[in-house]
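Structure first, commentary second.
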Amino acid sequence: MHARAVAASTTALLGTAALLLPLSPARAADSGARPVVVAHRGASAYAPENTLAAVDEAAALGVDWVENDVQRTKDGELVVLHDDSLRRTTDVEEVFPDRAPWKVKDFTAAEIARLDAGSWFDPAYAGARVPTLKQFVHRVERHDQKLLLEIKNPQLYPGIERQTLKVLSNEGWLDRPRVKHRLIVQSFSADSVRTVHDLKPAVKTGFLGTPPVADLPSYAAFTDQINPSYGSLSAGYVAAVHAFRGPHGKPLEVFTWTVNDADAARRVAGFGVDGIITNTPDVVRDAVGG
């Protein structure tokens with residue numbers, strides 16, 4: 001949904017939202033709180049996205065939150081990769097020239113582990129690999145960071161929600177301190193977010209998108225965040241989202257993406273967003289004072 005449409009919906013429906021659920025306390029713009037800065041696919045402006053190097057770069061910049069994307073291999077391993085194809089961010093065409101269209105689901109974890117996931121970005125990162133989810137969370141833990149995990153293309157990977165939660169559990173990421181303060185699971189699929197909530201109600205969740213204000217009551221039953229693209233945002237829409245309480249009894253939050261310049265960061269911070277997802281976390285942090 002575009003910003004103009006969101007603003008129109010908000011004007012018409014914000015009063016309805018206020019009647020349905022109590023308004024939240026003062027939010028970021030009013031309270032002086034700074035939005036959380038999240039390194040998108042790691043600090044992906046400075047290191048190849050979704051690699052361990054990108055996690056390291058975020059840590060070197062002093063960024064607490066890291067976002068990643070999870071897909072599943074042919075033999076059932078969860079790997080961290082944005083696209084459902086290996087083509088853009090690895091040398092898969094050279095290593096496996098006869099395997100077009102190079103979908104993640106058509107390759108085993110061992111085959112993917114052979115691929116160079118760094119040279120496309122910069123020769124200095126030659127030899128970087130596509131990490132498994134287990135490897136990725138270990139690196140995040142090493143830096144004492146926090147994780148915003150996106151389940152990608154769940155329609156391609158039946159049961160990926162349960163499997164993702166199992167890996168997180170096995171690696172200690174579903175203990176109380178991490179669940180309470182260091183983990184959010186999000187998706188563009190409302191069904192996937194709802195499934196995560198149903199399986200592990202304690203886990204904080206986020207829906208990626210800009211639902212109409214009239215639909216927010218149904219989302220508030222299973223998600224703690226509404227996370228739109230920054231181009232679709234308005235102050236009115238953010239206020240409408242904040243008017244609802246999520247499944248954990250707290251006002252819904254807004255983490256917006258992908259904001260990479262200072263002016264845009266200051267603009268969405270002025271809207272009162274709770275988090276900003278960015279490839280350039282240092283730029284955004286300096287702009288909003290986070």
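Just so it is clear, the structure is predicted and the values come from calculations on it, not from any experiment. The figures that follow rest on heavy atoms only: side chains count, while hydrogens, waters and symmetry mates do not.
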- Task: Could you give me the CA-CA distance, side-chain angles and deciding distance for L208 and E150, then say whether side chain to side chain contact (heavy atoms under 4.5 Å, CB included) is met?
- Result: CA-CA 9 Å; L208 286 159; E150 181 182 343; 3.4 Å; yes
Distance-minimising heavy-atom pair for [X] and [Y]:
{"X": "L61", "Y": "P281", "answer": "CD1-CG, 4.0 Å"}
{"X": "V185", "Y": "V196", "answer": "CG1-CG2, 4.1 Å"}
{"X": "Q145", "Y": "V55", "answer": "OE1-CG1, 3.2 Å"}
{"X": "L165", "Y": "L174", "answer": "O-CD1, 3.4 Å"}
{"X": "K204", "Y": "L183", "answer": "CB-O, 3.7 Å"}
{"X": "G159", "Y": "R72", "answer": "C-NH1, 3.9 Å"}

- From the options D64, D144, D175, select the one residue that forms a salt bridge (charged side-chain N to carboxylate O under 4.0 Å, His left out) with R182.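 The salt bridge (charged side-chain N to carboxylate O under 4.0 Å, His left out) with R182 is passed solely by D144 among D64, D144, D175.
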- Query: Charged N to carboxylate O below 4.0 Å: is that the case for E77 and K134?
  - Reply: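 No.
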- Message: Any carboxylate oxygen within less than 4.0 angstrom of a Lys/Arg side-chain nitrogen, looking at E111 and K74?
- Response: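 Judged by the 4.0 Å cut-off on N to carboxylate O distance, E111 and K74 do not form a salt bridge.
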From [atom1] ([X]) to [atom2] ([Y]), nearest 0.5 Å:
{"X": "Q155", "Y": "I160", "atom1": "CD", "atom2": "CD1", "value": "10.0 Å"}
{"X": "L233", "Y": "I226", "atom1": "CG", "atom2": "CD1", "value": "11.5 Å"}
{"X": "N68", "Y": "S44", "atom1": "CG", "atom2": "OG", "value": "12.0 Å"}
{"X": "L168", "Y": "L147", "atom1": "CG", "atom2": "CG", "value": "7.0 Å"}
{"X": "F271", "Y": "I276", "atom1": "CZ", "atom2": "CD1", "value": "11.0 Å"}
{"X": "L252", "Y": "Q225", "atom1": "CG", "atom2": "CD", "value": "9.0 Å"}

Would you say [X]'s side chain and [Y]'s backbone share a donor-acceptor pair under 3.5 angstrom?
{"X": "T210", "Y": "P228", "value": "no"}
{"X": "S218", "Y": "D215", "value": "yes"}
{"X": "T195", "Y": "D191", "value": "yes"}
{"X": "R178", "Y": "G172", "value": "yes"}
{"X": "S85", "Y": "P101", "value": "yes"}
{"X": "R34", "Y": "V288", "value": "yes"}

What I want to check is whether the side chains of [X] and [Y] have a donor and an acceptor closer together than 3.5 Å.
{"X": "E161", "Y": "S192", "value": "yes"}
{"X": "Y46", "Y": "N279", "value": "no"}
{"X": "D116", "Y": "S119", "value": "yes"}
{"X": "D75", "Y": "T73", "value": "yes"}
{"X": "H40", "Y": "N260", "value": "no"}
{"X": "S189", "Y": "S187", "value": "no"}
{"X": "H82", "Y": "E49", "value": "no"}

- Item | R194 charged N/C atom sitting above F222 aromatic ring, 6.0 Å / 45° |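 Ring-cation test returns yes.
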- Cation over ring, R87 on W102, under 6.0 Å and within 45°?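 Judged by the rule (NZ or CZ under 6.0 Å from the ring centre, within 45° of its axis), R87 is not positioned above W102.
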- Message: Consider side chain to side chain contact (heavy atoms under 4.5 Å, CB included). Of D69, L86, I112, which one does L81 pass it with?
- Response: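 Among D69, L86, I112, the one that satisfies the side chain to side chain contact (heavy atoms under 4.5 Å, CB included) with L81 is L86.
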- Message: Determine whether E93 and R99 satisfy the following criterion, salt bridge (charged side-chain N to carboxylate O under 4.0 Å, His left out), listing intermediate values before the conclusion.
- Response: CA-CA 8 Å; E93 288 185 84; R99 301 275 294 276; over 6 Å; no
- Task: Look at atom CD of E94 and say whether more than 12 heavy atoms of other residues, nucleotides or ligands are closer to it than 6.0 Å.
- Result: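 No, CD of E94 has 12 or fewer neighbouring heavy atoms, counting only those of other groups under 6.0 Å.
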- For F96, enumerate each residue passing the ring-ring contact (aromatic ring centres under 6.0 Å, His included) test, keeping only those at least two apart in sequence or located in another chain.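 Checked F96 against ring-ring contact (aromatic ring centres under 6.0 Å, His included); matches are F107.
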- Student check: side-chain heavy atoms of V268 and V238 closer than 4.5 Å: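 No, too far: nothing below the 4.5 Å cut-off.
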- Query: Is any side-chain heavy atom of V38 less than 4.5 Å from a side-chain heavy atom of T278?
  - Reply: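 No. Closest side-chain heavy atoms not under 4.5 Å.
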- Task: Carefully, step by step, assess E67 and R41 under the rule side chain to side chain contact (heavy atoms under 4.5 Å, CB included).
- Result: CA-CA 5 Å; E67 186 263 1; R41 308 178 199 171; 3.6 Å; yes
- Item | Fellow cluster residues of W120, listed by chain then number, with links counted only when side-chain atoms sit under 4.5 Å apart |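 Cluster partners of W120: F121, Y125.
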- Item | Working for side chain to side chain contact (heavy atoms under 4.5 Å, CB included), residues Y237 and L216 | CA-CA 11 Å; Y237 186 77; L216 290 176; 4.2 Å; yes
- Pair R139-D56, side chain to side chain contact (heavy atoms under 4.5 Å, CB included): steps then yes or no: CA-CA 8 Å; R139 189 59 62 95; D56 294 342; 2.7 Å; yes
- Shared hydrophobic cluster for F136 and W65 (ILVMFWY, side-chain gaps under 4.5 Å):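 Hydrophobic grouping puts F136 apart from W65.
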- Query: Taking only residues two or more places apart in sequence, or in another chain, which ones meet P247 in a side chain to side chain contact (heavy atoms under 4.5 Å, CB included)?
  - Reply: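 By the side chain to side chain contact (heavy atoms under 4.5 Å, CB included) rule, P247 matches H197, D224.
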- Can you check whether W257 and F188 have ring centres sitting under 6.0 Å from each other?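 For W257 and F188, the ring centres are under 6.0 Å apart.
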